[in-house]
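We number each residue from 1, following the sequence as shown. Bear in mind that the values here come from a model prediction, so they are computed numbers and not experimental data.
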Amino acid sequence: MRMGRNVLSGMFRYAVRKDALSVNPVRESQLAQNIEAKGRTGGARDITVDELRTILAAVRTSHLPCPRKLSRAERTRGKPVKSYTPPTVAEFCESADLADWVTVLAGTGLRRSQVLGLLWSDINLDARTLRTTGKVVRVKGKGLVRVANDNDPKNRKGVIALPDFVVETLKRRRKALAARKLASPPKGEDTLDLVFPSTMWTLRDPQNVGHEWQRVRDALGIPDDVTPHSFRVLSQRSWTTRACRPE
């Protein structure tokens, strides 16, 4: 609505300058209020450092139950769901490999697709830096692919310094993945050396990971306007003193 209003206002201003109209009618108009709005309409809410500490601790230690989200059909039917014992938040985050992802997301300010597209070659733990080189997207007819376009405004390449808690997380993760590879090596020589691979060593869908975060968020009682992008907003504000040099 705002974009349409701005475009129309510019057109009518031009008409006034050319004496086709005496006034700009859009100037007196007001945007309609979406009273019947459903779901989240205000974008990602900023989160505080205290909230971040709570979330980072909860994804690893919370014993709150983490039930699955009901599908639209299940909500519409209103019938009771088959009884089951939901995992705790910590158990679900471990099984879904979500805790480390949340930690890196919060400490780097990257988009969720960029974090899921990270390669170990992008990370220098000795120098404590991370280089952004690609992201995961779904391409029609191909499925999930990792892309690295130089002119992508949502995947700007550069080097950022990593905070201590992210460095420690990545060190533990590298050892855990190395042990996992010995027990269950990836199939195929062209397998990407991903920091956040799926159980089959393939790319993970950013949309699915977002749904997993929603499940954790609901279990912890966090407002639904706290999205993965909220961590990005916090990181951009909190880590402004870190070294950051775009290429």
Side-chain angles (χ1 to χ4, degrees), residues 40 43-70 84-118 120 122-123 125 128 130 132 135-136 160 162-180 194-239 242:
R40 185 175 56 85
R45 175 175 73 81
D46 197 0
I47 58 177
T48 66
V49 174
D50 289 338
E51 288 175 323
L52 176 63
R53 291 195 184 101
T54 300
I55 292 172
L56 293 181
V59 295
R60 299 184 188 276
T61 63
S62 176
H63 295 292
L64 289 173
C66 189
R68 68 182 183 86
K69 293 175 68 68
L70 299 181
Y84 83 108
T85 302
T88 65
V89 169
E91 290 171 342
F92 174 74
C93 288
E94 182 178 1
S95 65
D97 193 13
L98 204 63
D100 287 351
W101 176 78
V102 170
T103 302
V104 175
L105 190 75
T108 61
L110 298 177
R111 291 178 167 84
R112 57 182 174 180
S113 59
Q114 291 176 303
V115 175
L116 294 176
L118 284 175
W120 283 109
D122 296 333
I123 299 171
L125 292 178
R128 310 169 76 85
L130 179 152
T132 55
K135 66 178 182 180
V136 179
I160 60 175
L162 298 173
D164 292 342
F165 70 92
V166 172
V167 173
E168 294 304 316
T169 296
L170 291 173
K171 286 181 178 179
R172 292 194 303 268
R173 184 169 185 83
R174 185 166 61 177
K175 292 180 180 179
L177 286 179
R180 181 180 144 195
L194 296 163
V195 179
F196 292 95
S198 71
T199 55
M200 301 301 293
W201 301 102
T202 56
L203 295 168
R204 292 168 65 180
D205 190 339
Q207 192 72 16
N208 291 343
V209 176
H211 290 321
E212 291 168 350
W213 162 250
Q214 291 174 14
R215 177 171 173 174
V216 172
R217 182 188 64 194
D218 292 347
L220 296 176
I222 299 172
D224 62 2
D225 55 359
V226 176
T227 72
H229 200 78
S230 297
F231 297 101
R232 175 174 170 80
V233 174
L234 174 65
S235 297
Q236 290 177 333
R237 187 190 72 226
S238 300
W239 312 124
R242 294 183 294 161

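For A96 against R204, the heavy-atom pair with the smallest separation is O-NH2, 3.0 Å. P206 approaches L116 most closely through the heavy-atom pair CA-CD1, 3.5 Å. The nearest pair of heavy atoms linking V216 to F92 is CG2-CD2, 3.6 Å. The minimum heavy-atom distance between S62 and L220, with the atom names listed, is OG-CD2, 3.8 Å. Scanning both residues, W120 and L170, for their nearest heavy atoms gives CH2-O, 3.4 Å. The minimum heavy-atom distance linking P86 with P65 is given by the pair CG-CB, 4.0 Å.
Not a single salt bridge (Lys or Arg N to Asp or Glu O under 4.0 Å) links E91 to another residue, sequence neighbours left out. Scored by the side chain to side chain donor-acceptor pair (under 3.5 Å) test, N208 finds no partners at all (sequence neighbours excluded). For T61, there are no side chain to side chain donor-acceptor pair (under 3.5 Å) partners, not counting sequence neighbours. By the side chain to side chain donor-acceptor pair (under 3.5 Å) test, T202 pairs with S198, sequence neighbours left out. Remark: R53 engages D50 in a salt bridge (Lys or Arg N to Asp or Glu O under 4.0 Å) (not counting sequence neighbours). In this structure R173 satisfies the salt bridge (Lys or Arg N to Asp or Glu O under 4.0 Å) test together with D97, D100, sequence neighbours excluded.
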Checklist entry - Can you list the steps and then say if I222 with W213 is a side-chain contact (heavy atoms from CB on, under 4.5 Å)? => result CA-CA 11 Å; I222 299 172; W213 162 250; 4.2 Å; yes
Next on the checklist: Please determine whether side-chain contact (heavy atoms from CB on, under 4.5 Å) holds for the pair V59 and L98, giving the CA-CA distance in whole Å, both sets of side-chain angles, and the decisive distance to 0.1 Å.
Outcome noted: CA-CA 8 Å; V59 295; L98 204 63; 6.0 Å; no
Next on the checklist: Please evaluate residues C93 and R60 with respect to the criterion side-chain contact (heavy atoms from CB on, under 4.5 Å), reporting the C-alpha separation (whole Å), side-chain torsions for both, the decisive distance (0.1 Å), and the verdict.
Outcome noted: CA-CA 7 Å; C93 288; R60 299 184 188 276; over 6 Å; no
Item to check | Audit row: L110, L130, side-chain contact (heavy atoms from CB on, under 4.5 Å) steps and yes/no | outcome: CA-CA 11 Å; L110 298 177; L130 179 152; 3.9 Å; yes
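Residue-environment remark: CD (E51) exceeds the threshold of 12 foreign heavy atoms within 6.0 Å.
Going from atom CD1 of I55 over to atom CZ of F231 covers 4.0 Å, rounded to the nearest 0.5 Å. Interatomic distance, OG1 of T88 versus CD of E94, reported as 9.0 Å (0.5 Å rounding). Atom CZ of R128 and atom CG of D164 lie 4.5 Å apart (nearest 0.5 Å). Within the model, atoms CD1 of I123 and CZ of R174 stand 8.5 Å from one another, a figure rounded to the nearest 0.5 Å.
Here the rule is side chain to side chain contact (heavy atoms under 4.5 Å, CB included) with L118, and of T108, L194, V136, V104 only V104 fits it.
A donor-acceptor pair is defined here as one N or O able to donate and one able to accept, closer than 3.5 Å; no such pair exists between the side chain of R217 and the backbone of T227. Side-chain N or O atoms of R112 include none that pairs as donor or acceptor with a backbone N or O of L105 at under 3.5 Å.
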